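These numbers were taken from a predicted model, which means no experiment stands behind them. Start at 1 with the first residue, then count along the sequence.
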Amino acid sequence: MLSTQEDISAPASFVFARLTDYDNLERLALRRGAKVTRSGQIGVGTTWTAEFRLRGKDRKLKGTLVEYVADEKLGYEARIKGMEFSFSVELVALSRSRTRMVVGTNAKAKTLTARVLLQSFKLARQRAQKRFANRVSDWAETIEDAYSGS
């Protein structure tokens with residue numbers, strides 16, 4: 001449903017290490033008010049449960065790491081009240097010090113309420129795509145800054 005790509009001035013191994021620094025990512029979520037719990041060792045099958053407030057309502061998300069290929073690809077699936085999401089990140093080494101990060105996400109509605117929500121989202125797809133691309137760009141810039149600062 002949404003996808004974008006960013007070229008990052010850092011090796012694929014460094015980008016992958018930043019993307020899989022789950023302790024840091026969990027701390028970031030905690031700072032934003034979410035309660036995050038991880039179960040299992042990091043690898044395919046690791047699950048996270050996150051509780052947070054969104055648009056005035058308490059939400060609970062359960063996510064699972066479904067694909068983990070070192071320095072190449074990550075895949076996640078998540079469920080939140082009537083909806084299922086998939087999220088993937090692929091890394092392509094363009095050179096020793098340059099990596100293309102391709103990020104995509106997809107959503108499926110499992111209830112009528114979720115279908116209505118998803119339909120309204122599809123109507124605003126261009127705006128959502130732009131916001132998604134901006135977030136991924138910010139994420140890529142943060143990784144790049146960390147590499148140039150190390």
- Quick one: are Thr46 and Tyr22 in side-chain contact, heavy atoms under 4.5 Å? no
- Message: Could you walk me through whether Met101 and Val136 satisfy the side-chain contact (heavy atoms from CB on, under 4.5 Å) test, starting with their C-alpha distance in whole Å, then the side-chain angles of each, then the deciding distance to 0.1 Å, before giving a yes or no?
- Response: CA-CA 9 Å; Met101 180 171 68; Val136 171; 3.9 Å; yes
- Nearest heavy atoms of Val36 and Ala29, plus distance in Å: CG2-CB, 3.6 Å
- Task: Run the numbers on Ser39 and Thr47 for side-chain hydrogen bond (donor to acceptor under 3.5 Å, both in side chains), then give the verdict.
- Result: CA-CA 5 Å; Ser39 62; Thr47 60; 2.3 Å; yes
- Query: Run the side-chain contact (heavy atoms from CB on, under 4.5 Å) check on Glu84 and Asn106 step by step: do they pass?
  - Reply: CA-CA 8 Å; Glu84 292 179 353; Asn106 201 359; over 6 Å; no
- Message: Quick check for you: to the nearest 0.5 Å, what is the distance between Leu54 atom CG and Leu61 atom CG?
- Response: 10.5 Å
- What is the distance from atom CZ of Arg125 to atom NZ of Lys130, rounded to the nearest 0.5 Å? 15.0 Å
- Hey, does the side chain of Ser137 reach the backbone of Ala133 with a donor-acceptor pair shorter than 3.5 angstrom? no
- Task: Taking all heavy atoms of Ala114 and all of Ala109, pick out the closest pair and write down the distance.
- Result: C-CB, 3.6 Å
- Message: Could you go through Ile143 and Leu19, starting from their C-alpha distance and side-chain angles, then the distance that decides it, and tell me whether this counts as side-chain contact (heavy atoms from CB on, under 4.5 Å)?
- Response: CA-CA 9 Å; Ile143 293 170; Leu19 294 174; 3.9 Å; yes
- Looking at side-chain heavy atoms only, is the closest gap between Leu117 and Met83 below 4.5 Å? yes
- About how many Å separate NZ of Lys62 and NZ of Lys60, when rounded to the nearest 0.5 Å? 8.5 Å
- Is the shortest distance from a Lys or Arg side-chain nitrogen in Arg38 or Asp23 to a carboxylate oxygen in the other one below 4.0 Å? yes
- Taken to the nearest 0.5 Å, the spacing of Asn134 CG from Asp138 CG works out to 6.5 Å
- Student check: side-chain heavy atoms of Leu118 and Met1 closer than 4.5 Å: yes
- Message: To check you understand the geometry: which heavy-atom pair defines the closest contact between Phe16 and Lys73, and what is its length?
- Response: CE1-O, 4.0 Å
- Message: Any heavy-atom pair between the side chains of Lys108 and Phe85 that's under 4.5 Å?
- Response: no
- Item | Distance-only side-chain donor-acceptor flag, Thr49 / Thr37, under 3.5 Å | no
- Message: Distance alone, cut at 3.5 Å: any donor-acceptor contact between the side chains of Trp139 and Glu6?
- Response: no
- Query: Counting distance only, does the side-chain N/O of Thr99 pair as donor-acceptor with the main-chain N or O of Ile8 below 3.5 Å?
  - Reply: no
- Which atom of Ser13 lies closest to which atom of Asp71, heavy atoms considered: CA-OD1, 3.4 Å
- Query: When rounded to the nearest 0.5 angstrom, what distance separates CG in Leu2 from CZ in Arg135?
  - Reply: 12.5 Å
- Tyr68 and Tyr76 aromatic centres sub-6.0 Å: no
- Query: Is there a donor-acceptor pair closer than 3.5 Å between any side-chain N or O of Glu144 and the backbone N or O of Ser9?
  - Reply: yes
- Message: Please say yes or no: joined through hydrophobic side-chain contacts below 4.5 Å, possibly via intermediate residues, are Leu91 and Val102 part of one cluster?
- Response: no
- Query: Given the rule in the side-chain contact (heavy atoms from CB on, under 4.5 Å) test, do Phe87 and Glu77 qualify, once you have shown the distances and angles that lead to the verdict?
  - Reply: CA-CA 6 Å; Phe87 181 78; Glu77 290 180 354; over 6 Å; no
- Message: If I compare all heavy atoms of Leu65 with all of Gly75, which pair ends up nearest, and what's the gap?
- Response: CD1-O, 3.4 Å
- What are the two closest non-hydrogen atoms of Gln129 and Ser3, and how far apart are they? NE2-O, 2.6 Å
- Query: CG of Leu94 to CZ of Arg100: how many Å apart, nearest 0.5 Å?
  - Reply: 5.0 Å
- Message: With a 4.5 Å cut-off on side-chain heavy atoms, are Leu74 and Thr20 touching?
- Response: yes
